Amino acid sequence: MEAQLFHIFRNTPLGRETLLQSLYFCKKTDAAPVVYIPKFTKFLMYFENDVVQVDLDESYLCSAHTAFEHAEALIRDARLEPNFLEPRNFTASTLPDIPTHFDFMCCPRSVSDLSSKIGLGYIGPRVRRIVNAAHFPVLLTSPVYKPWHSIAVFFGGSANAVSALRLGLRIRRISGLPLEVFTQAEKKPEFYEKVIQQEGLEAKMAQSVDKWHVFETGTLEENLYDVPHDALVIMGAFGHGLIRDLVFGSIMERIQSIISNNLLVVGPRYTANI
């Protein structure tokens, strides 16, 4: 069965950039885009352990009479088959229920705040809820269309980092693009190597990873300069501790606030297959 990426279309120049990012992702991962053109500013997503209400800003309803035409043209230009989602169920007359069975979902860094707030270093609370609850990874795009030509996985040894690594290996297998792994060492390198061994990923790492960067010196901010500017960055969200629902994990928060790459974020409920 073909993988699917869910995308909420915004009929504005900013929305066009975001859809271009989704379409590029679909072409590289052999996924099919499923595009939702909202007619209301709210919708619900029923996950297994949470219900997330997404409140869109008014720009998502901009020029409704041309939205379908614009989205379809972009999809066909990418040589992909248009597939538009029309909600069948409603919790209230203006509150559609959006399915959650997708393999990926694309979000701007915020889907519920004014576009003036969207930028690096800011991920809206609704997006955080989706990452936390979803069984699929969430693609957070850069503000401007930016094709990526390699894959960079951040690996810190946690369960979510292992899932991110497995996802990176999977996209490496499908896309054929180079894959590099980055570790900001907070423990001895042997710790990270042992995690790889315990997860049975040694052979896959040797076969598919072009280089594993283990930074034992320098700050994270300094070492991030080595991440290719045109790489898709994959990483796990949420660390340990009572504040994990408020922050994504300190390392991820710092990374997403500094780099402008497209980010593919793996939440705690994602189960990765290579």
Side-chain angles (χ1 to χ4, degrees), residues 2-3 5 21-31 103-106 131 136-142 145-187 189-216 218 220-238 248-249 251-252 254-256 258-268 270-274:
E2 189 177 40
L5 177 142
Q21 313 260 36
S22 279
L23 297 176
Y24 186 84
F25 181 89
C26 287
K27 290 178 73 72
K28 290 297 182 185
T29 60
D30 285 338
D103 301 279
F104 303 97
M105 178 176 175
C106 174
V131 171
F136 48 72
V138 175
L139 176 65
L140 304 178
T141 61
S142 56
Y145 174 55
K146 185 176 182 180
W148 38 274
H149 305 294
S150 65
I151 305 159
V153 174
F154 281 89
F155 179 74
S158 68
N160 287 343
V162 171
S163 294
L165 178 57
R166 290 183 186 276
L167 179 58
L169 290 167
R170 175 184 164 195
I171 295 179
R172 162 74 172 84
R173 174 176 57 79
I174 296 172
S175 68
L177 293 174
L179 167 62
E180 296 181 58
V181 176
F182 295 81
T183 298
Q184 181 70 25
E186 296 178 327
K187 300 178 181 178
E190 292 80 7
F191 166 80
Y192 306 100
E193 294 169 359
K194 186 176 180 180
V195 173
I196 295 296
Q197 292 173 1
Q198 291 173 338
E199 295 295 331
L201 294 172
E202 271 186 306
K204 284 291 183 183
M205 286 279 288
Q207 178 184 358
S208 303
V209 174
D210 293 87
K211 187 173 182 179
W212 185 1
H213 307 258
V214 180
F215 301 116
E216 297 184 75
L220 175 66
E221 287 77 3
E222 291 170 341
N223 294 326
L224 284 176
Y225 199 88
D226 287 354
V227 178
H229 73 93
D230 57 351
L232 171 69
V233 170
I234 305 175
M235 56 187 175
F238 299 94
F248 276 8
I251 295 292
M252 182 189 156
R254 289 161 65 191
I255 293 172
Q256 67 88 15
I258 294 171
I259 61 177
S260 59
N261 301 56
N262 284 285
L263 306 179
L264 189 59
V265 181
V266 172
Y270 172 68
T271 303
N273 295 312
I274 296 177

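Bear in mind the structure is a predicted one, so any value in this text is a computation, not a measurement.
- If you take OG1 on T29 and CZ on R170, they are separated by 8.0 Å, rounding to the nearest 0.5 Å.
- To the nearest 0.5 Å, atom CD1 of residue I259 and atom CE of residue M235 are 5.5 Å apart.
- Panel note: side chain R172, backbone P178; no donor-acceptor pair is recorded below 3.5 Å.
- Atom NE2 of H149 has more than 12 neighbouring heavy atoms from other residues, nucleotides or ligands inside a 6.0 Å radius.
- Contact record, G218 with N223: O-ND2, 3.6 Å, taken as the closest heavy-atom pair.
- Shown here for V266 and S163, the closest heavy-atom pair between the two residues is CG1-CB, 3.7 Å.
- Of the inter-residue distances, the one linking M205 atom CE with E202 atom CD reads 9.5 Å to the nearest 0.5 angstrom.
- At distances below 3.5 Å, at least one donor-acceptor pair connects side-chain atoms of K146 with backbone N or O atoms of H229.
- At least one side-chain heavy atom of L139 sits less than 4.5 Å from a side-chain heavy atom of L232.
- The minimum heavy-atom distance between C106 and L5, with the atom names listed, is CB-CD2, 4.1 Å.
- Judged by distance alone, with hydrogens and angles left aside, the side-chain atoms of Y270 form no donor-acceptor pair with the main-chain N or O of V138 at under 3.5 Å.
- The shortest side-chain heavy-atom distance between P189 and E216 falls under the 4.5 Å cut-off.
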### Task
In sequence, state the C-alpha distance, the side-chain angles, and the governing distance for L220 and I258, and then conclude on side chain to side chain contact (heavy atoms under 4.5 Å, CB included).
CA-CA 10 Å; L220 175 66; I258 294 171; 5.7 Å; no

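- Side-chain atoms of S142 and Q21 form a donor-acceptor pair, as typed in the model, at a separation below 3.5 Å.
- Side-chain contact between N262 and Y24: absent, with no pair of heavy atoms (C-beta onward) separated by less than 4.5 Å.
- Residue T183 comes nearest to W212 through the heavy atom pair OG1-NE1, 2.9 Å, listed as atom of the first residue, atom of the second, then distance.
- E221 pairs by the side chain to side chain donor-acceptor pair (under 3.5 Å) definition with R254, not counting sequence neighbours.
- Taking CD1 of I196 as the reference point, atom CZ of F191 lies at 10.0 Å (rounded to 0.5 Å).
- Between the CZ atom in F104 and the OG atom in S22 there is a gap of 11.5 Å [rounded to 0.5 Å].
- Within the 4.5 Å cutoff, the side chain of L167 has no heavy atoms near those of the V153 side chain.
- Legend: ring pair (Phe, Tyr, Trp, His ring centres under 6.0 Å) pairs involving residues 154-176, not counting sequence neighbours, sorted by first then second residue: F154-F182.
- Between E2 and D30, the shortest heavy-atom contact is CG-O, 3.9 Å.
- Under the side chain to side chain donor-acceptor pair (under 3.5 Å) criterion, K204 pairs with no residue at all, not counting sequence neighbours.
- Closest approach of V227 and A152 over heavy atoms only: CG1-CB, 4.2 Å.
- Taking CG of D230 as the start and CG of N261 as the end, the distance is 8.0 Å to the nearest 0.5 Å.
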